[in-house]
Amino acid sequence: MKLGMIMGCEPKSFDEAKALGLDFVEFDLNHPAYWGVRLDDFLPKAPEIKAASERTGIEVGAVGRWGSQVVTPDGEIIEEEISEMKKCIDFAKAVGAPNFLVSVNYAKNISYYKNITVAIKILNTVNDYGKENGVTVNIVNCMMGDNYIRTPEQWKLVLDEVPGLKIKSDPSHSFVHGGDKGAYMNEGLMWGDRFGYVHIKGVIQTGESEEAKAWERHNLIKKYPETAEFFDNTGFVHQNYDNPPAGLDAINWRAFFGILYKYGYDGYLSIEPHSPSWTGEKGDRGVEYTIKYIRSLMI
């Protein structure tokens with residue numbers, strides 16, 4: 001296995017990753033509605049990114065595009081976003097990244113059946129383009145941007161219809177959506193052979209998840225900025241939940257790694273610092289702790 005971390009898409013990230021003793025970096029070029037970019041602004045940077053990778057010996061493990069808004073509320077495919085996804089794959093190929101991380105949003109004005117049908121069509125288009133360019137496509141299990149192809153309910157319907165599509169597994173999302181004990185163990189045991197990429201993010205939570213409501217608050221603030229004063233800056237801070245460094249959280253990482261080894265997973269493990277209470281020097285120490293802890297589980 002290889003250990004890396006999500007970082008900014010710039011040459012200095014490779015030096016920072018090397019100083020931390022990491023193997024790779026992950027670059028997420030999200031949809032503009034979710035702290036993202038237009039790909040035309042980043043494609044010209046590929047040569048300097050590739051040069052920094054070769055200079056440091058640090059890989060790019062994946063390029064991600066979170067929060068893709070690729071379907072209209074009435075179920076029409078947004079071809080402009082398909083083009084942006086393909087540009088992500090172009091960028092991944094240019095910088096030597098073997099993985100592309102993708103999501104599909106739910107269209108609220110059509111049936112669940114029609115949503116699944118359109119998702120299969122989109123994912124086959126993107127997956128075929130990935131195959132043509134030597135990049136593996138992974139569907140993420142995060143609900144950002146109304147992504148819904150993220151649990152066994154949808155995997156059973158979609159994965160076999162998109163040959164070669166993999167799952168980007170983040171146990172913290174499954175933990176939150178699965179109640180107090182989490183769903184990550186069951187998902188890993190049943191679907192671990194389809195995992196193509198793994199995120200390392202700690203989580204603690206009491207009671208029911210507020211994540212869906214948090215995204216509703218975030219979307220409300222986007223639409224009506226004046227409501228921000230009633231929430232935190234994004235609507236995501238709540239008292240029963242946090243994302244401390246992996247190893248200082250509630251996930252049974254040893255057991256989860258046992259599942260990865262059961263299926264012979266030998267891929268990328270990407271650390272995702274993701275907590276408003278772990279920032280600055282404290283956040284740096286948290287990252288160092290997670291690196292040491294996860295390395296101890298890699299055999």
Side-chain angles (χ1 to χ4, degrees), residues 1-7 17 20-28 58-64 66 89 92 96-103 123 127 130-131 134-142 147 149-152 154-156 158-160 162-178 181-203 243 245-247 249-274 287 290-299:
M1 297 184 191
K2 297 177 181 180
L3 184 63
M5 189 164 75
I6 299 173
M7 290 186 167
L20 289 168
L22 296 172
D23 306 310
F24 71 91
V25 293
E26 174 186 325
F27 295 143
D28 293 330
I58 302 297
E59 293 182 63
V60 182
V63 172
W66 305 80
I89 292 172
N99 293 288
F100 173 52
L101 316 177
V102 69
S103 64
L123 290 170
N127 193 56
K131 288 179 180 178
V135 176
T136 299
V137 177
N138 299 261
I139 187 75
V140 307
N141 70 331
C142 171
N147 175 53
I149 311 296
R150 55 182 174 80
T151 71
Q154 295 85 33
W155 297 338
K156 290 174 185 176
V158 171
L159 261 65
D160 286 343
V162 188
L165 180 68
K166 296 291 186 178
I167 298 167
K168 188 284 300 177
S169 174
D170 181 333
S172 75
H173 294 311
S174 298
F175 180 95
V176 169
H177 305 152
K181 292 183 178 180
Y184 65 101
M185 289 293 194
N186 287 339
E187 289 181 6
L189 283 169
M190 298 303 295
W191 291 90
D193 62 330
R194 306 297 287 269
F195 288 0
Y197 196 85
V198 173
H199 268 189
I200 304 293
K201 179 166 82 257
V203 64
N243 293 117
D249 68 309
I251 291 174
N252 186 341
W253 288 101
R254 289 185 179 278
F256 182 73
F257 268 69
I259 293 171
L260 295 181
Y261 288 121
K262 167 183 169 63
Y263 288 108
Y265 182 82
D266 194 29
Y268 294 80
L269 308 167
S270 184
I271 298 168
E272 181 182 5
H274 198 72
V287 167
T290 290
I291 291 170
K292 182 179 179 180
Y293 175 70
I294 295 299
R295 287 282 189 202
S296 74
L297 303 179
M298 297 167 64
I299 59 175

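Basis for what follows: all heavy atoms, side chains included, without hydrogens, waters or symmetry-related copies.
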Starting from the C-alpha separation in whole Å, work towards a yes-or-no answer on side chain to side chain contact (heavy atoms under 4.5 Å, CB included) for R254 and L297. CA-CA 7 Å; R254 289 185 179 278; L297 303 179; 3.5 Å; yes
Given the rule in the side chain to side chain contact (heavy atoms under 4.5 Å, CB included) test, do T290 and I294 qualify, once you have shown the distances and angles that lead to the verdict? CA-CA 6 Å; T290 290; I294 295 299; 3.9 Å; yes
F195 and Y263: CA distance, side-chain angles, deciding distance, ring pair (Phe, Tyr, Trp, His ring centres under 6.0 Å) verdict: CA-CA 9 Å; F195 288 0; Y263 288 108; 7.9 Å; no
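Across P98 and Y268, no two heavy atoms sit closer than the pair CG-OH, 3.5 Å. Of all the heavy atoms in M7 and F27, the pair that sits closest is O-CD2, 3.5 Å. R295 approaches L22 most closely through the heavy-atom pair NH2-CA, 4.0 Å. Pairing each heavy atom of L159 with each of W191, the nearest pair is CD2-CZ3, 4.1 Å. Scanning both residues, I139 and S103, for their nearest heavy atoms gives CD1-CA, 3.9 Å. Residues T151 and Q154 come closest through the heavy atom pair OG1-OE1, 2.7 Å.
Distance OH/Y197 to CG/N99: 6.5 Å, rounded to 0.5 Å. Note that CZ of F24 and CD1 of I6 are 9.0 Å apart. Values are rounded to the nearest 0.5 Å. Here the CE atom belonging to M5 is positioned 13.0 Å from the CD1 atom belonging to I200, to the nearest 0.5 angstrom. Rounding to the nearest 0.5 Å places NZ of K2 at 10.5 Å from CD1 of I58. One distance of note links NZ of K292 with CG of L3; it measures 14.5 Å at 0.5 Å rounding. Taking CG of L189 as the start and OH of Y184 as the end, the distance is 11.0 Å to the nearest 0.5 Å.
Ring geometry for F256 versus W253: interplanar angle over 60°, hence perpendicular rather than tilted (30 to 60°).
N243 contributes no side-chain N or O that, together with a main-chain N or O of V203, makes up a donor-acceptor pair within less than 3.5 Å. Formation of a donor-acceptor pair under 3.5 Å by the N138 side chain with backbone atoms of T136 is found in this model. Within the 3.5 Å criterion, the main-chain N or O of P163 finds a donor-acceptor partner in the side chain of N127. No donor-acceptor distance shorter than 3.5 angstrom exists from the side chain of Y265 to the backbone of M1, with no hydrogens or angles considered. For the pair S296 (side chain) and Y293 (backbone), a donor-acceptor distance under 3.5 Å is present.
Within 6.0 Å of CE on M298 lie more than 12 heavy atoms contributed by other residues, nucleotides or ligands.
Checked against the 6.0 Å centroid threshold, W66 and H199 count as a close aromatic pair.
The only member of K168, H173, R150 that meets side-chain hydrogen bond (donor to acceptor under 3.5 Å, both in side chains) when paired with N141 is K168. Checking each of L123, I149, I89 against V102 for a side chain to side chain contact (heavy atoms under 4.5 Å, CB included) leaves exactly one that passes, namely L123.
Side-chain atoms of L269 and L260, non-hydrogen and from C-beta on, do get closer than 4.5 Å to each other. Using a 4.5 Å heavy-atom threshold, the side chains of I271 and I291 count as touching.
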